[in-house]
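Because the structure is a prediction, the values reported are computed rather than measured. Lettering follows sequence order; numbering is per chain, from 1.
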2 protein chains.
Amino acid sequence: MTDRSRADEDLTARARIREAALRVFAERGVSGATIRGIAEAAGVSAGLVQHYFRSKEALRRACDEYAIDVMTRTKQDALDGGVSTPGFLPMALTVSLPVQRYLARALVDGSSAAAALFDDVVEFTEDMLVEGAPGMSPAKTSDPHAYAAVLAAMAFGVSVLHEHLTRTLGADPLTPAGYPRMTLAMLDILTDDLMSPELLAQTRAAVEQLRSFAPGAATDRDQRIPTSKAAARKTDSDPPA
Amino acid sequence: MTDRSRADEDLTARARIREAALRVFAERGVSGATIRGIAEAAGVSAGLVQHYFRSKEALRRACDEYAIDVMTRTKQDALDGGVSTPGFLPMALTVSLPVQRYLARALVDGSSAAAALFDDVVEFTEDMLVEGAPGMSPAKTSDPHAYAAVLAAMAFGVSVLHEHLTRTLGADPLTPAGYPRMTLAMLDILTDDLMSPELLAQTRAAVEQLRSFAPGAATDRDQRIPTSKAAARKTDSDPPA
DNA sequence: TTGCGCATTGAACGTTTGTATTGCACGCTG
DNA sequence: CAGCGTGCAATACAAACGTTCAATGCGCAA
């Protein structure tokens, strides 16, 4: 946990604390992280954390600001044509992946900055879907907004669940070592049609039919379920051990 | 927060506590949840929570067990042909969606049960990809394992980020009211080819090329980034406010 | 009725948390 | 050299936390 890279020693104590907070918040979550833990990770005293960022909440906000700042800058660099510059991608990843790791956790912990980022991505995606974009076929959907939102959630999903992909794939996708394999798989998935037209139509019909049940189903608890639901309910009233 | 449905009053205190813990753990995360908060949500004293489940960790494990139990049972019911029974889907969702909400959070909070569930889904998916399944076209990928893992992460992603989909779509996808719209959008996404073959090939090439940079890039901090990276670095050494 | 066992509560304890405060060393300016 | 602001650490404190424990109420067998 104290394996800060030597490059950190170039930074101000304030920046080192923010960097450490980024890591600890990402790993433990905001409520799981402690000021003392962040201080230890940064190699400073707990008092110094309090001195620079007056409260834990303020430190969190500072991390949020920094994160969206980095993401905005990286996005701008990419749009300015940096993508074509050789070596841009690996370097952009090196600086932005820790931030992505933080934002992934922030999305779950309920940060307003992460929420704003999510909404931005949704809006950006939806614009691309309806207006079209170079290289993009217009999406065949009757609900572009939901399409964009769900696509964004799925894309962020691989970041949020990077820990599990690390375990399964052997390398963290939020790391230059693991990033390519994940991205290639994602391209395969978004390209591939993995359902036959018949199964697709069948599934779609089932979900459509669900719509008529849906509005009442949330409050109507008295419906009978025709399978082993009774057994499941029985578990609920198990006598204490 | 105290809007427990009247159906809860049928349950044992122990079951009511577990149900409340499921909700609170899902909303606040395991480290954000408190024994007293769970007790209040269940309408009992904090001591009683401690009496039935001896520690917070044990309560968490009980929730894990219950969650995978419900998911296993629901999956079994579906495989036993319950899917075709009219009314199965809405009822299955009603009982399993709160559990899904818990598991989504557990995936991020590092529960071993959730990790096992994730791995199960990956294995199940990979088997379907290589062996083929009724209605499923064999996936066109050179890396079925990564394909399955990333697909699983994306599918779970919409659960994990359901809060953001709720904000964007106006209805929680982990609710009978919001579930259909999300699922239909997901079907669109997995069916659609949204990238042109040229852009796809171009992106793939860029990622492939990244592979040669990757192994060293993680430790090599001294590369130069040719864009506004210098400005970003400047933020790092900002003097304290 | 008496006594026993279980469900449930409320207070208490020690620890950890976020935060406030004090004190010290050092580099700069006059 | 004196004085002073600043970077930083150590201590102090109240609140909240997980956990323990004694006490109360209540149904049921003897």
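With respect to D69(A) and R73(A), a salt bridge is recorded, a charged nitrogen being found less than 4.0 Å from a carboxylate O. Between E19(A) and R16(A), no side-chain nitrogen of the basic residue sits less than 4.0 Å from a carboxylate oxygen of the acidic one, so the salt-bridge criterion is not met.
With dC8(D), dT9(C), dT17(C) as the choices, the nucleotide that has an atom nearest any side-chain atom of R36(A) turns out to be dT17(C). Side-chain proximity of T34(B) to dG18(D), dT19(C), dA7(C): nearest is dG18(D). Nearest to the side chain of A13(A), among dC8(D), dG18(C), dG18(D), sits dC8(D).
The residue S45(B) sits close to a base: some heavy atom pair falls under 4.0 Å. Across all strands, A33(B) comes closer than 4.0 Å only to sugar-phosphate atoms, never to a base (heavy-atom distances).
Between dG7(D) and Y52(A), no contact under 4.0 Å exists linking OP1 or OP2 to a side-chain N or O.
Rounding to whole angstrom units, CG of residue L48(B) and P of dT19(D) are separated by 15 Å. Rounded to an integer number of Å, the gap from Q50(B) CD to dC6(C) P is 20 Å. Atom pair I38(B):CD1 and dC17(D):C1' shows a separation of 13 Å (rounding to whole Å applied). At whole-Å resolution of the value, CG in L59(A) and C1' in dT17(C) are 15 Å apart. The CZ-C1' distance, from R54(A) to dC8(D), rounds to 19 Å in whole Å. Between H51(A) atom NE2 and dT21(C) atom P the separation is 13 Å, expressed in whole Å. Taking atom CZ on F53(A) and atom C1' on dG18(C), their separation rounds to 16 Å, with Å as the unit.
A donor-acceptor pair under 3.5 Å is formed between the side chain of H145(A) and the backbone N or O of T168(B).
In this structure, Y179(B) and D172(B) have side chains that are not in contact, with every pair of non-hydrogen atoms separated by 4.5 Å or more.
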